[in-house]
Amino acid sequence: MSVSLTKLPSPDLLRSFVAVGRRMSITLAAQDLFLTQSAVSRHIHALETALGMKLFKRMHRAIHFTAEGEQLFVSADSAMQQLQDTVGALQASQLAHQPVTLTASISFVGLWLLPRLPQFQQHHPNVEVRLAASNSIMDLRQEGLDIAIRYGAQEQMPAGGLRLFGETIFPVAHPSLGLCRLDAPEIIARSVLLEFEGDASPCWNWDAWLAAQGWSGIKPKGVIRFNLFDQMIHATIAGQGIALGRSQFIRPMLDDGRLFALPTPHPGPKSNKVFCLLQRDARPSKDAQALIDWIVAEAKQTDGVEADASDDP
């Protein structure tokens with residue numbers, strides 16, 4: 001014989017009953033449930049009242065099941081454990097497929113990551129990636145982010161940072177400008193220079209580059225300055241002037257002829273900056289680990305391509 005759902009005791013009462021039965025202690029059960037001892041005692045009393053029977057024998061500093069209480073506990077404990085297991089499995093499944101969030105600079109996302117991301121999605125169609133493209137440094141734990149790509153001198157990278165690749169910088173231009181080399185000061189005098197102001201390093205400064213060639217004091221036809229690297233590259237592809245390009249970001253444009261590398265008589269300032277990957281958790285989720293592994297593998301290819309292209313300026 002069974003009763004209708006409407007006649008079943010409240011789940012809160014049954015949960016307290018099971019907690020007490022597992023511990024055989026109201027005090028310990030209250031701790032497990034994050035309730036007060038008096039609240040658990042009230043729940044047990046209310047359950048006994050609702051059922052019209054005693055469930056526990058209360059003795060000096062101890063409690064024991066009555067025959068009815070033991071019978072109810074065997075059933076309630078089994079049902080409660082099944083619920084715990086099912087809810088835990090559902091939550092674990094949901095957690096395993098939470099979006100993997102990554103923060104990186106606007107130029108890294110736009111020029112390096114996004115062109116490659118379809119490959120990752122092809123091999124990991126069930127992994128949802130959420131990108132936070134920003135030039136601001138974000139706190140991974142506070143912002144709920146899984147991965148960050150940081151840029152700077154390697155010795156200044158946070159502990160645990162994994163080096164992805166460095167940067168190689170040299171002048172580039174669109175073929176429409178009709179340049180194949182940057183080997184005379186007269187070229188500077190009749191050209192517009194595009195300059196990236198987002199980094200104070202000499203390697204991004206045209207004055208430092210011109211000084212390295214022995215052309216200090218040469219005035220270009222004009223200068224356009226950008227605070228975002230990707231905007232400067234788009235302007236370069238549009239034929240608006242000569243820029244200092246980061247090979248690791250623009251290699252596809254060099255390979256397909258959208259941009260030409262312009263050799264100079266002497267090397268310009270070298271960069272000591274690198275891109276590093278930081279992860280929030282020592283043991284990331286399966287999906288986050290898949291994205292991390294893929295980024296590291298792609299970065300290794302980038303390093304390899306640049307090593308093979310070492311004859312470039």
Side-chain angles (χ1 to χ4, degrees), residues 101-120 129-138 140 143 145 147-154 156-158 161-174 193-206 208-209 223-256 258-262 268-278 291-292 294-296 298-303 305-306 309 312-313:
T101 52
L102 179 149
T103 178
S105 68
I106 296 171
S107 60
F108 184 94
V109 170
L111 296 177
W112 191 88
L113 184 60
L114 283 181
R116 293 169 169 81
L117 198 56
Q119 301 171 24
F120 174 80
V129 180
R130 181 173 296 164
L131 302 176
S134 173
N135 292 333
S136 301
I137 300 297
M138 298 184 184
L140 295 185
E143 299 293 335
L145 301 167
I147 305 167
I149 308 299
R150 298 277 170 80
Y151 167 76
Q154 185 160 0
Q156 296 176 353
M157 285 290 112
L162 178 63
R163 182 189 184 277
L164 296 178
F165 48 77
E167 61 179 353
T168 309
I169 301 168
F170 48 78
V172 295
H174 188 265
L193 302 182
L194 309 182
E195 186 167 84
F196 175 48
E197 289 188 317
D199 193 307
S201 301
C203 55
W204 291 109
N205 183 273
W206 267 113
W209 268 84
V223 178
I224 303 176
R225 295 182 171 87
F226 299 81
N227 67 336
L228 296 176
F229 179 80
D230 59 330
Q231 289 184 349
M232 181 184 70
I233 293 303
H234 292 320
T236 309
I237 294 174
Q240 295 182 19
I242 304 171
L244 295 170
R246 178 185 288 129
S247 182
Q248 285 75 6
F249 282 13
I250 63 172
R251 176 56 55 186
M253 304 167 195
L254 296 169
D255 292 342
D256 64 20
R258 281 177 289 169
L259 292 177
F260 280 0
L262 305 179
K270 300 294 183 183
S271 173
N272 68 339
K273 302 290 184 66
V274 298
F275 289 87
C276 282
L277 183 147
L278 300 176
L291 182 58
I292 290 170
W294 175 80
I295 291 174
V296 170
E298 288 294 313
K300 186 176 181 180
Q301 290 187 23
T302 296
D303 253 353
V305 168
E306 294 312 314
D312 287 350

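Heavy-atom basis, side chains included; hydrogens, waters and symmetry copies ignored. Everything numeric in this text was worked out from a predicted model, so none of it was measured. We're numbering straight along the sequence, starting at 1.
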Do [X] and [Y] have side chains that get closer than 4.5 Å, going by heavy atoms?
{"X": "Asn227", "Y": "Asn135", "result": "no"}
{"X": "Thr236", "Y": "Ile250", "result": "no"}
{"X": "Thr101", "Y": "Met138", "result": "no"}
{"X": "Thr302", "Y": "Phe249", "result": "no"}
{"X": "Trp206", "Y": "Ile242", "result": "yes"}

query = Of Leu278, Ile147, Ile149, Leu140, which is the lone residue that meets side-chain contact (heavy atoms from CB on, under 4.5 Å) with Thr103?
reply = Leu140
To the nearest 0.5 angstrom, please state how far the [atom1] atom of [X] sits from the [atom2] atom of [Y].
{"X": "Leu228", "Y": "Glu197", "atom1": "CG", "atom2": "CD", "result": "11.0 Å"}
{"X": "Leu113", "Y": "Glu298", "atom1": "CG", "atom2": "CD", "result": "9.5 Å"}
{"X": "Arg150", "Y": "Leu277", "atom1": "CZ", "atom2": "CG", "result": "10.5 Å"}

ask   = Hey, what's the ring geometry for Phe196 with Phe229, parallel, tilted or perpendicular (30° and 60° as the breaks)?
value = perpendicular
query = Does atom CZ of Arg130 have more than 12 heavy-atom neighbours from other groups under 6.0 Å away?
reply = no
Minimum heavy-atom distance between [X] and [Y], given as atom pair plus value:
{"X": "Pro269", "Y": "Ala208", "result": "CG-CB, 3.8 Å"}
{"X": "Phe170", "Y": "Ser247", "result": "CE2-CB, 3.6 Å"}
{"X": "Leu254", "Y": "Phe260", "result": "CD2-C, 4.1 Å"}
{"X": "Gly166", "Y": "Asp303", "result": "N-OD1, 4.2 Å"}
{"X": "Trp209", "Y": "Ile169", "result": "CZ2-O, 3.3 Å"}
{"X": "Trp112", "Y": "Ile295", "result": "CH2-O, 3.9 Å"}

request  = Would you sort out whether Met253 and Leu111 count as a side chain to side chain contact (heavy atoms under 4.5 Å, CB included), showing the intermediate values?
outcome  = CA-CA 10 Å; Met253 304 167 195; Leu111 296 177; 3.8 Å; yes
message = Less than 4.0 angstrom from a charged side-chain N to a carboxylate O is my criterion; do Arg246 and Glu167 meet it?
response = yes
query = Do side-chain atoms of Ser201 reach the backbone of Trp204 as a donor and acceptor pair under 3.5 angstrom?
reply = no
message = Looking at Ser271 and Lys273, would you say the former's side chain and the latter's main chain have a donor-acceptor pair under 3.5 Å?
response = yes
message = Please tell me whether Phe165 and Phe275 form a close aromatic pair, meaning their ring centres lie under 6.0 Å apart.
response = yes
query = Would Asn205 and Glu195 count as a side chain to side chain contact (heavy atoms under 4.5 Å, CB included) if you check the C-alpha gap in whole Å, the side-chain angles of each, and the deciding distance to 0.1 Å?
reply = CA-CA 7 Å; Asn205 183 273; Glu195 186 167 84; 4.2 Å; yes
message = Quick one, Ile237 with Leu259, criterion side chain to side chain contact (heavy atoms under 4.5 Å, CB included). Give me CA distance, side-chain angles, the key distance, then yes/no.
response = CA-CA 7 Å; Ile237 294 174; Leu259 292 177; 3.9 Å; yes
task = Begin with the C-alpha distance, continue with both residues' side-chain angles, and end with the deciding distance and a verdict on side chain to side chain contact (heavy atoms under 4.5 Å, CB included) for Gln154 and Asn272.
result = CA-CA 8 Å; Gln154 185 160 0; Asn272 68 339; over 6 Å; no
